[in-house]
Structure formats: structure tokens, C-alpha cells
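In each ligand, atom 1 is the first atom listed, and ligand 1 is the first ligand listed.
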Amino acid sequence: MKKGVFISVEGPDGSGKSTQIRNIRRFFADREIDIVFTREPGGTAIGERIREIILDKACAEMDNMTEAMLYAAARAQHVAQIIKPALAEGKIVICDRFVDSSIAYQGYGRNLGESVTVINDYAIAGCMPDITFLLKMDPKIGRRRIKQDQQDRLEQEQDEFHLRTFEGYLELEKKYPDRIVGIDATGSIEQIKADIYEKLEEVLKSVAE
Ligand code: ADP
Ligand code: TYD
């Protein structure tokens with residue numbers, strides 16, 4: 001039986017996800033609560049090697065389904081090797097992106113639809129986040145924050161791809177209102193941090209009960 005707490009963080013590229021993840025890690029460190037922090041694609045030695053292939057700009061010819069399956073393959077390893085064992089030990093797991101990224105980017109962005117849910121059902125094997133923070137921001141604004149020479153293969157996609165991806169996130173938020181906590185990511189770093197901390201306090205309270 002799962003005992004730990006699984007928290008994922010999602011959002012379009014440039015939405016401030018890395019900045020807020022630093023704040024989330026600080027939230028737990030300040031309270032001397034141990035967490036397992038991990039990320040996707042990656043989180044394991046095998047997953048990090050898959051990440052290099054997926055994000056490499058030299059892999060321009062990559063087929064969309066190959067891309068979706070590589071993300072799912074990295075995720076299967078991640079769930080089996082890191083996430084499930086940590087949750088079974090009762091730990092708090094914070095994950096920078098998880099399956100919602102695949103639904104949004106590959107399902108909506110790449111127009112692969114339901115097939116992405118199907119392949120990921122095998123990858124996650126019933127392991128879903130308890131809480132997902134979704135940083136909501138127009139992807140056009142987010143992408144302006146990322147320097148062009150620092151963009152990876154996904155980030156350098158056209159605006160239409162990123163808009164479809166964001167639509168996907170909004171659909172997921174509507175579909176899973178109990179799990180997905182939408183955060184307005186257009187405000188100041190401090191305001192966004194305060195919104196996230198408020199929810200994290202609630203999560204800690206519910207765990208303690
Ligand atoms: P992501 O991980 O989502 O790509 P980052 O956290 O790396 O985003 O942020 C991208 C850029 O935007 C960084 O230069 C960061 O300092 C800046 N940034 C992050 N949050 C905000 C915010 N709320 N307002 C303005 N700039 C921000
Ligand atoms: P990430 O390292 O989170 O990039 P950043 O923090 O700079 O936004 O993610 C790398 C890219 O991979 C990002 O563009 C989103 C994409 N991605 C998918 O398309 N599908 C997935 O399942 C995951 C996990 C990420």
C-alpha cells in the first residue's frame with residue numbers, strides 16, 4: 001500500500017517551474033522534512049541517457065510516436081526504480097514534471113491524442129501524483145524568457161505547438177480538479193511562492209491527521 005506523498009510540478013517552458021521548485025525544496029528544508037527530489041525526463045541513470053536523446057537538437061528527424069515512447073520508457077524506469085520504492089517507504093516525492101507533461105506535450109502538442117494515455121498507463125503502473133502544481137502562463141510569454149541559444153529540441157518548436165500543449169494542461173486541470181492545483185504564474189516570484197506554500201501547508205496538515 002502506498003504511504004508517502006507524491007507531488008508533481010508542471011507548466012509550459014519558461015513558466016518559472018525551476019524557480020518555484022527551488023522554493024518548494026526550501027519549504028521542506030526549512031521544516032527539516034526529508035524529501036526525494038527527482039525530475040523527468042530523467043531521474044535515473046537510464047532515464048538521463050534517454051533524456052539526452054530526446055532533447056538533443058541533432059535528433060530533428062525523431063518521429064512523434066518515438067518521442068512519446070521514449071518519454072514513457074524513461075518514466076517506466078523512474079517509477080520502478082525511484083518513485084514507487086520511495087513512496088512505499090512513506091517518503092515525500094517531489095517530481096519536476098510527470099505524466100501530465102506527456103499528455104500535454106505529446107497528446108495535445110504533437111496531436112497523438114489518447115495513444116499517449118495508453119502507453120503511459122503501462123509506464124506508471126497505477127502510480128499517480130496526489131497533488132500536481134500547474135504553473136499557468138501563456139506559453140508565448142514563457143518562451144520569451146528562454147534565450148534562443150539555450151532552447152532544447154522541444155523548446156524550439158513553433159508557437160502553435162506550445163499553445164496546443166498549454167490547452168492540454170488546461171483540459172487536464174478541468175478533468176482532475178481534486179489533484180491539479182492551478183497556480184497563476186504571471187505574478188511575482190514571491191506571490192507564486194506564497195500561493196504554493198499555502199497549499200503545501202494544507203498538504204502537511206492532511207498528512208499529519
Ligand atoms: P522554467 O523552469 O519553467 O523554464 P525558470 O524558473 O527557469 O522557468 O524561469 C525562466 C526565467 O524567468 C528565469 O530567468 C527566471 O528568473 C524568470 N522568472 C521565473 N519566475 C518569474 C516570475 N514570476 N516573474 C518574472 N520572471 C520570472
Ligand atoms: P524540462 O527539463 O522540465 O525543461 P524546462 O525545465 O526547461 O521547462 O523538460 C524538458 C522538455 O521536455 C520540456 O520542453 C517539456 C518536455 N517534456 C515532454 O514533452 N513530455 C514529457 O513527458 C516530459 C516529462 C517533458
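- Evaluated by nearest non-hydrogen atom to atom 10 (C) of ligand 2, the leading choice among Ile21, Asp100, Leu55, Ile54 is Leu55.
- With no hydrogens or angles considered, no side-chain donor-acceptor pair links Ser101 and Glu40 at under 3.5 Å.
- With ligand atoms numbered from 1 in the order given, ligand 2 contributes 21 (C), 22 (O), 24 (C) to contacts under 4.0 Å with heavy atoms of Arg75.
- More than 12 heavy atoms of other residues, nucleotides or ligands sit less than 6.0 Å from atom NZ of Lys57.
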Given Ile83 and Lys91, is the side-chain contact (heavy atoms from CB on, under 4.5 Å) satisfied, shown in steps? CA-CA 9 Å; Ile83 301 176; Lys91 294 188 173 148; over 6 Å; no
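- Among protein heavy atoms, atom 2 (O) of ligand 1 sits closest to Ser18 OG, 2.5 Å.
- No N or O atom of Ala185 sits closer than 3.5 Å to an N or O atom of ligand 1.
- Between Lys17 and ligand 1, at least one pair of N/O atoms sits closer than 3.5 Å.
- Less than 4.0 angstrom separates atom 21 (C) of ligand 1 from at least one non-hydrogen atom of the protein.
- Listed by number with element, the atoms of ligand 2 under 4.0 angstrom from any heavy atom of Lys17 are 3 (O), 6 (O).
- A side-chain contact (heavy atoms from CB on, under 4.5 Å) with Gln106 holds for exactly one of Glu67, Met65, Met69; it is Glu67.
- When non-hydrogen atoms are compared, ligand 2 lies under 4.0 Å from the side chain of Arg51 (C-beta onward) but not from its backbone.
- Nearest protein heavy-atom neighbour of atom 8 (O) of ligand 1: Gly16 N, 3.2 Å.
- Looking at His162, its side chain never comes within 3.5 Å of a backbone N or O of Gly109 through a donor-acceptor pair.
- In terms of protein heavy-atom proximity, atom 16 (O) of ligand 1 is nearest to Thr19 OG1, 4.4 Å.
- Remark: side-chain polar atoms of Glu155 are paired, donor with acceptor, to backbone N or O of Asp152 under 3.5 angstrom.
- Looking at Ser102 next to ligand 2, an N or O pair under 3.5 Å apart turns up.
- Using a 4.0 Å cut-off between charged nitrogen and carboxylate oxygen, Glu52 and Arg49 do not count as a salt-bridge pair.
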Could you go through Tyr108 and Leu172, starting from their C-alpha distance and side-chain angles, then the distance that decides it, and tell me whether this counts as side-chain contact (heavy atoms from CB on, under 4.5 Å)? CA-CA 11 Å; Tyr108 285 80; Leu172 284 167; 5.5 Å; no
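- At the shortest separation from atom 5 (P) of ligand 2 among protein heavy atoms lies Glu155 OE2, 3.8 Å.
- For ligand 2, the atoms sitting less than 4.0 Å from at least one non-hydrogen atom of Glu40 are 24 (C), numbered in the order shown with element in parentheses.
- Counting atoms of ligand 1 from 1 in the listed order, those under 4.0 Å from a heavy atom of Ser188 are 23 (N).
- Salt-bridge formation is detected for the pair Glu201/Arg31: a Lys NZ or Arg NE/NH1/NH2 atom is positioned less than 4.0 Å from an Asp or Glu carboxylate oxygen.
- With respect to atom 20 (N) of ligand 2, the closest heavy atom belonging to the protein is Gln106 OE1, 2.8 Å.
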Go through the steps for Arg179 and Asp130 under the test side-chain contact (heavy atoms from CB on, under 4.5 Å), then give the verdict. CA-CA 6 Å; Arg179 172 174 67 86; Asp130 300 293; over 6 Å; no
Val181 vs Asp195, test: side-chain contact (heavy atoms from CB on, under 4.5 Å). Steps then yes/no. CA-CA 10 Å; Val181 180; Asp195 291 345; over 6 Å; no
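- At a heavy-atom cutoff of 4.0 Å, ligand 2 is contacted by no atom of Arg39, backbone or side chain.
- Among the candidates Arg153, Arg143, Arg97, Arg144, the single residue satisfying the salt bridge (Lys or Arg N to Asp or Glu O under 4.0 Å) test with Asp13 is Arg97.
- For the pair Gly187 and ligand 1, a heavy-atom separation below 4.0 Å is found.
- For atom 25 (C) of ligand 2, the choice among Phe98, Tyr71, Phe161 with the nearest heavy atom turns out to be Tyr71.
- Taking only nitrogen or oxygen atoms, main chain and side chain alike, Ile192 does not reach within less than 3.5 Å of ligand 1.
- Between Gly14 and ligand 1, an N or O atom pair is found at a separation short of 3.5 Å.
- Nearest protein neighbour of atom 1 (P) of ligand 2, counting heavy atoms only, is Arg97 NE, 3.6 Å.
- Side-chain contact check for Lys136 versus Ile183: every heavy-atom pair is 4.5 Å or farther apart.
- Within a 4.0 Å radius of atom 14 (O) of ligand 1, the protein has no heavy atom.
- For Tyr122, the OH atom sits in a loose shell: 12 or fewer heavy atoms of surrounding residues, nucleotides or ligands are nearer than 6.0 Å.
- Close contacts of ligand 2 with Leu154, meaning ligand atoms under 4.0 Å from a residue heavy atom, involve 14 (O), 19 (O).
- The Ser15 neighbourhood of ligand 1 comprises atoms 3 (O), with distances under 4.0 Å to a heavy atom of that residue.
- Taking every heavy atom of Ile189 and a limit of under 4.0 angstrom, the matching atoms of ligand 1 come to 20 (N), 21 (C), 22 (C), 23 (N).
- The shortest N or O to N or O distance between Asp13 and ligand 1 is not below 3.5 Å.
- Both tests hold for Arg110 against Phe161: distance to the six-membered ring centre under 6.0 Å, angle to the ring axis within 45°.
- Among all protein heavy atoms, the one lying closest to atom 24 (N) of ligand 1 is Arg145 NH2, 3.2 Å.
- Around atom 8 (O) of ligand 2, the closest heavy atom drawn from Asn120, Ile146, Asp13 belongs to Asp13.
- Side-chain contact, Asn23 with Gln20: a donor N or O sits under 3.5 Å from an acceptor N or O.
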